[in-house]
Protein chains: 2
Amino acid sequence: MPKRISIVDVAREAGVAISSVSAALNGGPGVSEATRARVRETADRMGWVPSVRGRSLSSKRTRALGLVVQRQPGVLEADPFFAGFIGGVESVLESAGYALLLQIGRSAAAGADRLRRLALSGAVDGVFLTDVSVEDPRYALLDHLQLPAVAVNAPGSVWVSSVTQDHRSGLSALMEHLIALGHRDIAHVAGTPGLVHSEERESVWRCVLESHGLPLGPVITGDFTTEAGARAADALLGGSRVPTAVVCANDLMAIGFLSRAKALGVGVPDDVSVTGFDGVLLGAHVHPPLTTVMTLPGALGTRAAEVLLASVDGGPRVDETIAPAVVVDRASVAPPRVRMA
Amino acid sequence: MPKRISIVDVAREAGVAISSVSAALNGGPGVSEATRARVRETADRMGWVPSVRGRSLSSKRTRALGLVVQRQPGVLEADPFFAGFIGGVESVLESAGYALLLQIGRSAAAGADRLRRLALSGAVDGVFLTDVSVEDPRYALLDHLQLPAVAVNAPGSVWVSSVTQDHRSGLSALMEHLIALGHRDIAHVAGTPGLVHSEERESVWRCVLESHGLPLGPVITGDFTTEAGARAADALLGGSRVPTAVVCANDLMAIGFLSRAKALGVGVPDDVSVTGFDGVLLGAHVHPPLTTVMTLPGALGTRAAEVLLASVDGGPRVDETIAPAVVVDRASVAPPRVRMA
DNA sequence: CGATGAAACCGAAACGTTTCGGTAAGCGGA
DNA sequence: TCCGCTTACCGAAACGTTTCGGTTTCATCG
C-alpha cells in the first residue's frame with residue numbers, strides 16, 4: 001500500500017537531477033561533496049532503497065550469484081556439505097551486497113536445464129558449479145555463454161575458474177596409515193559413479209594399494225547415503241573373504257556401515273576397521289568415533305565466492321587451492337586381528 | 001559475447017509486434033492460434049529465454065522468494081532442518097518457475113536488516129520467516145510493507161500467514177511415555193532463549209510435569225549445539241541429585257549429551273534416559289539410538305511454499321498445520337533404575 | 001579581457017519486458 | 001448499405017535505474 005518511493009522522489013526532494021542522485025549515492029564523479037552529503041541525507045531520511053529491478057535492467061548487473069544443486073533431497077538433508085558451503089559463500093556475499101539464488105535439480109539433467117534457464121534469463125551474474133561429473137555438459141554451456149563461473153572441487157575449463165580442496169593427500173595419508181597398521185585387505189565403498197569426487201577418491205584408494213603392491217580389495221558402489229553404507233556392510237561382511245579395513249567415500253556411508261556392522265555382530269575396529277571422508281560433526285559422536293578425513297566446506301565456499309566475485313568484476317580465470325583435507329584419527333581404526341589362514 | 005537475443009528479435013523474425021509475442025507466449029488473449037504457434041516455434045528456434053530483468057521491472061513480479069536465515073554458521077552446518085526445509089520449498093518453486101533467494105544473517109539484528117533491504121529493494125515477491133523469536137520485529141515490518149510472507153513454526157500476524165507442524169502433541173506424548181515408565185525426576189535442556197520453538201518446547205515439558213503433579217526438574221539453557229548438550233551433561237550428571245531422564249530441545253544437544261555421558265561413565269539408558277527432538281537421520285546411528293520426536297522439515301517447506309505462492313497470487317492469509325511430529329522410540333529411554341533414597 | 005578547461009549538474013536514451021488504448025478487418029443483423 | 005461488435009494485432013507508455021553527451025558556471029591563465 002505505501003507506494004514505493006523511487007529515485008525521482010529523492011531527486012525532487014533534494015532539488016537535483018536523478019542522474020546526480022545516482023552519481024552521488026554510487027560514489028560517481030561529477031558531484032560536489034556538499035550535494036553528495038545532501039542527497040545522501042535526503043535518501044536516508046526518505047528511506048529510499050534502490051530498486052534492484054530497475055538497477056539490474058539498466059546496469060547489466062543483477063548482484064546475485066546462482067547455485068544449482070543437483071542432489072537427491074535425502075542426501076541434501078543429511079549431508080552437511082551444502083549447509084557449510086553456503087554458509088561460507090554467504091559470509092562473502094553479505095559484505096559484497098550480493099545475494100545467492102538457490103535452485104535444486106533432482107537429477108543431473110534437470111539441474112543442467114535449470115542452470116541453462118538461469119543463465120539465459122540473466123537472473124545471475126555468475127554461478128557456482130558443484131557435484132561436477134566427468135564430461136560435465138555444463139562447462140560447454142558456460143564457456144559458450146561466457147558467464148562467470150567457478151567449479152568447486154573439480155577442474156576448471158577454458159573459461160570456468162576452479163576452487164579445490166585437495167582430497168588426495170588426506171585420503172592417501174589415511175590409506176598409508178591403514179597399511180602401516182598392517183592392513184592388506186582394504187575394501188572401498190565408492191560414491192555415486194560419474195562424479196569427479198567419487199572417481200577421484202576411488203582412484204586414490206587404487207593408486208595407494210598399487211604403489212604398495214597390495215591386491216585391490218572389493219569395491220562396492222554406493223550413493224553417499226547411510227543406506228548405501230548399510231548395504232555395503234551386508235555385502236562385505238557376509239562374504240567368505242572379509243576385508244580387514246573398509247574405506248568409505250564419505251562419512252554418511254561409513255556411519256551406515258558402522259550401524260549395520262554392529263547389528264551383524266561385527267566389532268569395529270576389532271574385527272574390521274572403517275574410515276569415512278568429510279569430517280561431519282556427528283562422526284565424533286557415533287560409536288566408535290569415526291576416523292575420517294576432515295574437509296572444510298565453509299572455507300571452500302568462502303574462497304569460491306571470492307573468486308567468483310572477482311571474475312564477475314572482470315578478473316581473469318584462476319585455479320585456486322585451499323588448505324588440504326587432513327586425517328582425523330578417532331577410534332574406528334585399529335591393527336588387523338591376526339587370523340587363521 | 002553472443003549478444004543476448006530479446007523479444008524484439010523474436011518479433012521481427014516472426015513478423016509480428018512485440019506485444020503479440022508477449023501475449024502469445026504468456027497465453028494472453030487477442031492472439032490467433034496460428035500466430036501463437038508460429039511465435040512459439042520462432043522463439044524456440046531462436047532459443048529465446050525472457051529476461052527476468054526486463055520482466056520483473058515491468059510486471060512487478062520478480063518470480064523469486066526470499067529466505068533470510070539467522071543462525072550461527074556452526075548450527076547451520078550440523079542441523080539438517082534447513083537443508084530439508086529448502087528441499088521441500090524448492091520442490092514447489094521448481095514447478096512454479098520461481099527461484100529462492102537465500103541470505104544468512106549471523107545475528108537476529110543483521111537478519112532483520114537484510115530482510116528489510118530485501119523487501120524494500122523489491123528483489124522478492126514474498127518471504128519465509130524462520131527462527132521466529134517472541135515479539136519478533138519482522139512482523140511489524142512485513143505488516144507495514146504488505147509483503148506476502150509466511151511464518152514457519154510460529155504464529156502468523158494480521159498480514160503474515162503461518163505454516164506449522166505441531167510440536168506439542170509429539171513432545172507431550174514423549175513426556176507421558178517417560179512418566180508412564182516411572183520417571184519422576186525429569187530435567188530439560190532448553191534451546192536458544194527467545195525463540196518461539198525453544199519456549200514452546202520448554203512450556204510443554206513444564207505443563208506435562210505440572211499436570212501430573214511432578215516437580216520441575218532442573219533446566220539447563222543451551223543453544224541447540226552438541227557442545228551445549230555436552231555442557232548440560234556436565235551440569236546435570238555431576239550434581240548431587242541426578243535426574244532419571246533428560247528431555248533435550250533438539251537432537252543435536254541430545255547427541256552431545258549422550259557422548260559426554262558415555263565419557264563420564266554414565267550409562268544410557270540404564271543410569272539416565274535421554275530424549276531428543278527433530279528426528280535427524282544420524283540419531284538412529286548414535287549409541288544408543290536416540291529416542292526422539294520426528295519432525296518433517298521437507299513437508300513443512302513444501303506447504304509453506306504453496307501457501308506463500310498462493311499469497312503472492314493475491315490469496316488470503318491462512319494458518320495451516322501439517323501432520324504432527326510423532327515419537328520415534330529407539331533405545332535411549334528405559335525405566336528408571338531403582339535407587340536408594 | 002577573452003579564451004580555455006575543468007567541475008558540477010542536467011536531460012534523455014537505453015535496458016527488455018508487460019500492459020493498455022487504439023485501429024483495421026471481418027461479419028452478422030437491421 | 002451501414003452500423004455495431006468482436007477478434008487480431010499494433011504502437012507506445014511505463015517500470016526505475018545507469019550512463020553518456022551536452023550545458024552552464026567559474027576560475028585560471030595568457
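Residue numbers begin at 1 in each chain, while the letters A, B, ... track the order of the sequences. All values below come from the heavy atoms of this structure, side chains included, with hydrogens, waters and symmetry mates left out.
- Nucleic acid contact for A:Val52: none, since no nucleic acid atom lies under 4.0 Å from a heavy atom of the residue.
- Here the side chain of B:Asp313 pairs no donor or acceptor atom with the backbone of B:Ala310 at under 3.5 angstrom.
- Within the structure, a side-chain polar atom (N or O) of A:Ser32 is placed less than 4.0 Å from OP1 or OP2 of C:dC9.
- Side-chain contact between A:Arg71 and A:Phe82 is present, with heavy atoms from C-beta onward closer than 4.5 Å.
- With A:Arg4 contributing its side chain and B:Leu120 its backbone, the two residues share a donor-acceptor pair below 3.5 Å.
- Near DNA chain C, meaning a heavy atom under 4.0 Å from it, residues 119-127 of chain B has no residue at all.
- Between A:Phe81 and A:His197, the distance separating the two ring centers is not shorter than 6.0 angstrom.
- Within the nucleic acid shown, B:Ser56 has no heavy atom closer than 4.0 Å to any nucleic acid atom.
- Side-chain N/O atoms of A:Thr35 and A:Ser32 include a donor and acceptor closer than 3.5 Å.
- Sorted by first and then second residue, the pairs that involve residues 115-138 of chain B and meet ring pair (Phe, Tyr, Trp, His ring centres under 6.0 Å), not counting sequence neighbours, are B:Phe85-B:Phe128.
- Contact check on B:Glu90 versus A:Arg114 returns a salt bridge, with a Lys/Arg side-chain nitrogen under 4.0 Å from an Asp/Glu carboxylate oxygen.
- Rounding to whole angstrom units, CG of residue B:Asp9 and P of C:dC15 are separated by 11 Å.
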Pairwise N/O distances under 3.5 Å, protein to nucleotides 24-26 of chain C:
none

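- With sequence neighbours excluded, no residue forms a side chain to side chain donor-acceptor pair (under 3.5 Å) with B:Arg63.
- In terms of heavy-atom proximity, B:Asp319 sits nearest to B:Gly156 at OD1-N, 4.0 Å.
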Report the C-alpha distance between A:Ile322 and A:Thr164 in whole Å, list the side-chain angles of each, state the deciding distance to 0.1 Å, and finish with yes or no for side chain to side chain contact (heavy atoms under 4.5 Å, CB included).
CA-CA 6 Å; A:Ile322 69 168; A:Thr164 306; over 6 Å; no
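- By the 4.0 Å N-to-carboxylate-O rule, A:Asp113 lies too far from A:Arg138 to be salt-bridged with it.
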Which protein N or O atoms sit under 3.5 Å from an N or O of nucleotides 16-18 of chain D?
| residue | atom | partner | partner atom | Å |
| --- | --- | --- | --- | --- |
| D:dG16 | N2 | A:Gly54 | O | 3.3 |
| D:dT17 | OP1 | A:Trp48 | NE1 | 3.0 |
| D:dT17 | OP1 | A:Ser51 | N | 2.9 |
| D:dT17 | OP2 | A:Ile7 | N | 2.5 |
| D:dT17 | O2 | A:Ser58 | OG | 2.8 |
| D:dT18 | OP1 | A:Asn26 | ND2 | 2.9 |
| D:dT18 | OP1 | A:Arg55 | NH1 | 3.2 |
| D:dT18 | OP2 | A:Ser22 | OG | 2.6 |
| D:dT18 | O4' | A:Ser58 | OG | 2.6 |
| D:dT18 | O2 | A:Ser58 | OG | 3.4 |

Does the salt bridge (charged side-chain N to carboxylate O under 4.0 Å, His left out) test come out yes or no for B:Arg38 and B:Glu41, once each step is laid out?
CA-CA 5 Å; B:Arg38 183 160 46 92; B:Glu41 189 274 333; over 6 Å; no
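- Helix-axis bend for the helix from C:dC1-D:dG30 to C:dA30-D:dT1: the local axis fitted to the five terminal pairs at one end deviates from that at the other end by 60°, rounded to 10°.
- Between B:Gln146 and B:Trp159, the closest side-chain pair of non-hydrogen atoms falls below 4.5 Å.
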